[in-house]
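Remember, predicted model here, so these are calculated numbers, not experimental data. Lettering follows sequence order; numbering is per chain, from 1.
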There are 2 protein chains.
Amino acid sequence: MESDSEFGDPCNCPIRDVLDRIGSKWAMVVVFMLEAEPQRFNMLARSIPDVSKRMLTRTLRDLERDGIIARTVFPTNPPSVEYSLSEMGRSILPLFWKLIDWSVEKHANIRESRRRFDSGFASDALLN
Amino acid sequence: MESDSEFGDPCNCPIRDVLDRIGSKWAMVVVFMLEAEPQRFNMLARSIPDVSKRMLTRTLRDLERDGIIARTVFPTNPPSVEYSLSEMGRSILPLFWKLIDWSVEKHANIRESRRRFDSGFASDALLN
DNA sequence: CTGTATCCACGATGATACTG
DNA sequence: CAGTATCATCGTGGATACAG
């Protein structure tokens, strides 16, 4: 599962490879936080109250590694680090927004569907 | 974390609630498999070789519960069950396709970025 | 054929303490 | 401030056997 620079393997598709990352728990949130302007580490941490430093660091590193965001260190004292969206990072914002729109639009619908599903008629509801 | 029909809690946002589901490992794949025509359980299982029955079942149940897909039982012998996209399920296909397009378009870019990142200049690469 | 039930492994994530 | 290190935990997901 290592030597896969080719598409011979049908599961080496970009979809899994790319979307698994940006679909991770915090990636999308972080990208949104950077939409308006660059942010420093602790500013992000404060803006996303329920993320641990550990996970925030990892998310930022992964996004940086993928070239979605850029990390800039300012040699101040104490040091400050600024994260910003790259051009590629910006290019995915419209898609994210469309997903948000869809979610908001369908949210009530989905919750209603869940309620009905959970209300008794589970699985094979031909019974009763 | 139960009585939350309101948006008072910033984390009751549709995004997490909706996207976490459709962003699950197999949901998107299943939705795509159903785009052309309804499929039966084992047909899906065969089309997605690396999914376990357990996970396929769970994915289908979750999507059904959310109203993304419909489950129809035909009282044949042996029984056959058909899964199909609901109208709401269809409505998300364009967004999925856009994500695919983005992934395919940026895949090379991202892989290149990863290579550079992994090639020595990890973390604070202001050196060199 | 279409699942369910169990057990288990692993990664993802959180909590906490420590560092440059 | 901006992390890293370490440990504990929890859910996701796979394997297998069983069932209607």
Side-chain angles (χ1 to χ4, degrees), chain A residues 1 11 16-17 19-30 33-34 38-66 69-84 117 121-127, chain B residues 1 11 16-17 19-30 33-34 38-65 69-84 117 122-127:
Chain A
M1 204 67 92
C11 272
R16 192 66 60 76
D17 192 26
L19 296 186
D20 273 2
R21 306 296 191 102
I22 65 175
S24 74
K25 192 171 183 184
W26 303 108
M28 209 165 134
V29 186
V30 167
M33 299 306 301
L34 298 179
Q39 301 281 340
R40 291 170 54 182
F41 185 87
N42 275 347
M43 185 55 197
L44 286 170
R46 274 190 296 273
S47 303
I48 313 172
D50 48 347
V51 71
S52 63
K53 277 194 295 189
R54 179 178 145 79
M55 275 304 105
L56 182 54
T57 301
R58 252 203 74 156
T59 303
L60 290 167
R61 281 283 175 286
D62 288 344
L63 289 173
E64 183 195 2
R65 190 174 100 102
D66 282 8
I69 67 178
R71 177 177 181 274
T72 312
V73 181
F74 295 98
T76 59
N77 188 312
S80 70
V81 178
E82 205 170 76
Y83 294 93
S84 57
F117 187 92
F121 107 111
S123 302
D124 308 71
L126 17 99
L127 47 129
Chain B
M1 205 66 92
C11 271
R16 191 68 58 76
D17 192 27
L19 296 185
D20 274 2
R21 307 294 190 104
I22 65 176
S24 75
K25 191 171 183 182
W26 303 109
M28 210 166 134
V29 186
V30 166
M33 299 306 300
L34 298 179
Q39 301 280 342
R40 291 171 53 183
F41 185 86
N42 273 350
M43 185 54 196
L44 287 170
R46 274 190 296 274
S47 302
I48 313 171
D50 48 348
V51 71
S52 64
K53 278 195 294 187
R54 177 179 146 77
M55 276 304 105
L56 182 54
T57 302
R58 254 201 73 157
T59 303
L60 290 167
R61 282 281 174 287
D62 288 345
L63 289 173
E64 183 196 2
R65 191 174 100 99
I69 67 177
R71 178 176 181 273
T72 313
V73 181
F74 294 98
T76 57
N77 189 310
S80 70
V81 179
E82 204 170 80
Y83 295 93
S84 58
F117 188 92
S123 300
D124 309 71
L126 19 98
L127 44 130

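- Across all their heavy atoms, A27(A) and I22(A) have their closest contact at CB-O, 3.8 Å.
- Regarding M55(A), its CE atom lies at a distance of 16 Å from the P atom of dT6(D), rounded to whole Å.
- You'll find the side chain of T57(A) reaches within 4.5 Å of the side chain of F41(A), heavy atoms only.
- Look at R58(B) and you won't find any side-chain N or O under 4.0 angstrom from OP1 or OP2 of dT4(C).
- Between L44(A) atom CG and dG3(D) atom C1' there is a gap of 13 Å when expressed in whole angstrom units.
- By the side-chain contact (heavy atoms from CB on, under 4.5 Å) test, V51(A) is found to be paired with W26(A), I48(A), M55(A), L56(A), residues two or more places apart in sequence or in another chain being considered.
- The phosphate of dG3(D) has neither OP1 nor OP2 within less than 4.0 Å of any side-chain N or O from R40(A).
- Out of dT13(C), dG3(D), dC1(C), the shortest distance to the side chain of F41(A) is found at dG3(D).
- Direction of the helix axis in the helix from dC1(C)-dG20(D) to dG20(C)-dC1(D) shifts by 50° between the two five-pair termini, rounded to 10°.
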All N/O pairs under 3.5 Å across the protein-nucleotides 16-19 of chain D interface:
none

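- Residues forming a side-chain contact (heavy atoms from CB on, under 4.5 Å) with P79(B) (at least two apart in sequence, or on another chain): none.
- Remark: R54(B) engages S52(B) in a side-chain contact (heavy atoms from CB on, under 4.5 Å) (not counting sequence neighbours).
- Nearer to the 5' terminus of DNA chain D, by closest-nucleotide assignment, is the contact made by N42(A) (compared with the other of N42(A) and K25(B)).
- For the pair P79(B) and W26(A), nearest-nucleotide mapping onto DNA chain C gives the more 5' position to P79(B).
- One interatomic measurement links the two molecules: CZ of R16(B) to C1' of dT13(C), which rounds to 12 Å at whole-angstrom precision.
- Put simply, the side chain of Y83(B) does not reach to within 4.5 Å of the side chain of V30(B), judged on heavy atoms.
- Rounded to whole angstrom, the span from the CG atom of D20(B) across to the C1' atom of dA12(C) amounts to 13 Å.
- Applying the side-chain contact (heavy atoms from CB on, under 4.5 Å) criterion to D20(B), with sequence neighbours excluded, gives R16(B).
- Taking atom CD of Q39(A) as the reference point, atom P of dC1(D) lies 14 Å away to the nearest angstrom.
- S80(A) comes within contact range of the sugar-phosphate backbone alone, with a heavy-atom separation under 4.0 Å but no base atom that close.
- For the atom pair CD (E82(B)) and CG (L44(B)), the distance works out to 10.0 Å, reported to the nearest 0.5 Å.
- Between F74(A) atom CZ and dG3(D) atom P there is a gap of 13 Å when expressed in whole angstrom units.
- Distance L56(B) CG to dA5(C) P: 16 Å, rounded to the nearest Å.
- Listed by chain and residue number, D118(A) satisfy the side chain to side chain donor-acceptor pair (under 3.5 Å) test with R65(B) (two or more places apart in sequence, or in another chain).
- Nucleotide dC10(D) holds its P atom 18 Å from the CG atom of D50(A), rounded to whole Å.
- OP1 or OP2 of dC1(C) has not a single side-chain nitrogen or oxygen of Y83(B) nearer than 4.0 Å.
- Between R58(B) and D62(B), the closest side-chain pair of non-hydrogen atoms falls below 4.5 Å.
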